[in-house]
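In this chain, residues are counted from 1 in sequence order.
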Amino acid sequence: MASWCVRAVRQSYSIVSSPALVRASPRLLCTATQQKNGPGPEEEAEKPEQSAAETQLEEQLKDMTEKYKRALADTENLRTRSQKMIEDAKLYGIQGFCKDLLEVADILEKATESVPKEEVTSQNPHLKNLYDGLVMTELQIQKVFTKHGLVKLNPDGQKFDPYEHEALFHAPVEGKEPGTVAVVTKVGYKLHGRTLRPALVGVAKAS
């Protein structure tokens, strides 16, 4: 029994006095000390620097995100305006040509109005054929106008609208309410809802 105790003591001493354990013990003690005492001054100094850098990066990211959103909004607005300009060009690009044709339509209308209706009979075939041709031409040109969005404005008896009518005079007219169109001296036209030529009118006023 005594000899067994002596051997156990010798083995314990050999393990404690092992060089590997002696070399590792200071490192283990240092690690344990750091864990117990917390991070050192150098590590404490690195934390504020890292925090400031992260804050700066977050601000830069936020600023770039705002600039990106504004750029997208500007691009979308530019695309919308460009699309609107293209659509307007398609709709109203012919308004100069339409204005020139309005003079032709006015002449046809005056020509048909100047022919006495009582003279347009089968007894006067030449005048009747000419009159019928003028009427057909006038109807055809109005169909073409309507096809391209050009609509005639004949506001007789309607309320005066300064956006569609141009008043040549104001006068009391029997049977007409004040502020309404009493006389139309020249019809107007609208192109796709936009007034191309206002109607020239006389407006009734209170006597």
Side-chain angles (χ1 to χ4, degrees), residues 68-207:
Y68 176 70
K69 290 180 179 179
R70 287 196 296 268
L72 283 181
D74 292 340
T75 303
E76 181 62 21
N77 291 335
L78 178 60
R79 188 193 68 80
T80 303
R81 288 195 299 268
S82 300
Q83 186 66 27
K84 183 66 167 58
M85 291 175 63
I86 293 172
E87 292 176 357
D88 288 346
K90 290 180 180 179
L91 290 176
Y92 306 109
I94 61 172
Q95 63 182 4
F97 179 67
C98 289
K99 283 183 177 180
D100 293 337
L101 283 181
L102 295 184
E103 300 299 328
V104 179
D106 292 339
I107 293 172
L108 286 173
E109 185 177 3
K110 293 296 183 183
T112 55
E113 290 177 354
S114 63
V115 177
K117 301 299 186 294
E118 61 274 8
E119 296 293 333
V120 183
T121 62
S122 58
Q123 296 178 357
N124 195 350
H126 298 291
L127 181 60
K128 186 177 186 302
N129 291 336
L130 178 60
Y131 177 80
D132 291 342
L134 290 175
V135 171
M136 292 177 62
T137 304
E138 185 182 3
L139 291 175
Q140 185 62 33
I141 198 171
Q142 290 298 327
K143 288 181 180 179
V144 173
F145 286 170
T146 303
K147 178 181 177 181
H148 293 279
L150 191 61
V151 181
K152 181 190 288 189
L153 294 176
N154 190 352
D156 187 19
Q158 299 178 9
K159 186 176 180 181
F160 176 75
D161 185 352
Y163 296 102
E164 297 182 356
H165 315 145
E166 182 178 345
L168 300 179
F169 61 88
H170 292 76
V173 179
E174 186 177 355
K176 296 287 186 179
E177 295 183 3
T180 59
V181 175
V183 180
V184 178
T185 60
K186 195 172 187 179
V187 296
Y189 284 88
K190 295 179 72 172
L191 179 62
H192 295 292
R194 179 187 295 180
T195 301
L196 183 63
R197 187 184 77 182
L200 304 182
V201 299
V203 182
K205 72 174 183 178
S207 55

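- Contact record, Val181 with Pro155: CB-O, 3.2 Å, taken as the closest heavy-atom pair.
- Side-chain atoms of His192 come within 3.5 Å of backbone N or O of His148 as a donor-acceptor pair.
- Using a 30° and 60° split on the angle between ring planes, Phe145 and Tyr189 fall in the perpendicular class, above 60°.
- For the pair Pro172/Lys205, a side-chain contact is recorded, criterion being any heavy-atom separation below 4.5 Å from C-beta on.
- When all heavy atoms of Gly193 and Lys190 are compared, the closest pair comes out as O-CE, 3.3 Å.
- Note that CD1 of Ile94 is 9.5 Å distant from CG of Leu196, once rounded to the nearest 0.5 Å.
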Would you check, one step at a time, whether the test salt bridge (Lys or Arg N to Asp or Glu O under 4.0 Å) holds for Asp74 with Arg70? CA-CA 6 Å; Asp74 292 340; Arg70 287 196 296 268; over 6 Å; no

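- Residues Asn154 and Gln158 share a closest heavy-atom pair of O-NE2, 4.0 Å.
- By the 4.0 Å N-to-carboxylate-O rule, Arg79 lies close enough to Glu76 to be salt-bridged with it.
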Start with the C-alpha gap between Thr112 and Leu108, add the side-chain angles, then the distance that decides, and say whether side chain to side chain contact (heavy atoms under 4.5 Å, CB included) holds. CA-CA 6 Å; Thr112 55; Leu108 286 173; 5.7 Å; no

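- Checking Gln95, Lys99, Arg197 one by one against Leu191, the side chain to side chain contact (heavy atoms under 4.5 Å, CB included) holds for a single residue, Gln95.
- Rounding to the nearest 0.5 angstrom, the gap separating the CZ atom in Phe169 from the OG1 atom in Thr185 is 7.5 Å.
- Glu174 CD: 12 or fewer foreign heavy atoms inside a 6.0 Å radius.
- Remark: Leu153 CG to Lys186 NZ distance equals 13.5 Å, nearest 0.5 Å.
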Under the side chain to side chain contact (heavy atoms under 4.5 Å, CB included) rule, what do Val203 and His165 come out as? Steps first, then yes or no, please. CA-CA 10 Å; Val203 182; His165 315 145; over 6 Å; no

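- Taken to the nearest 0.5 Å, the OG atom of Ser122 stands 12.0 Å off from the CG atom of Leu127.
- One finds the CG atom of Asp106 at 9.5 Å from the CD atom of Glu138 (value rounded to the nearest 0.5 Å).
- Environment of NZ in Lys117: crowded, with over 12 heavy atoms of neighbouring residues, nucleotides or ligands closer than 6.0 Å.
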Would Leu150 and Leu102 count as a side chain to side chain contact (heavy atoms under 4.5 Å, CB included) here? Give the steps. CA-CA 10 Å; Leu150 191 61; Leu102 295 184; 3.8 Å; yes

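- Judged by distance alone, with hydrogens and angles left aside, the side-chain atoms of Asn124 form no donor-acceptor pair with the main-chain N or O of Val120 at under 3.5 Å.
- With contacts defined as side-chain heavy-atom distances shorter than 4.5 Å, the pair Leu139/Val135 qualifies.
- Between Asp156 atom CG and Lys176 atom NZ the span is 4.5 Å, to the nearest 0.5 Å.
- Around the CD atom of Glu113, the shell of radius 6.0 Å holds more than 12 heavy atoms that belong to other residues, nucleotides or ligands.
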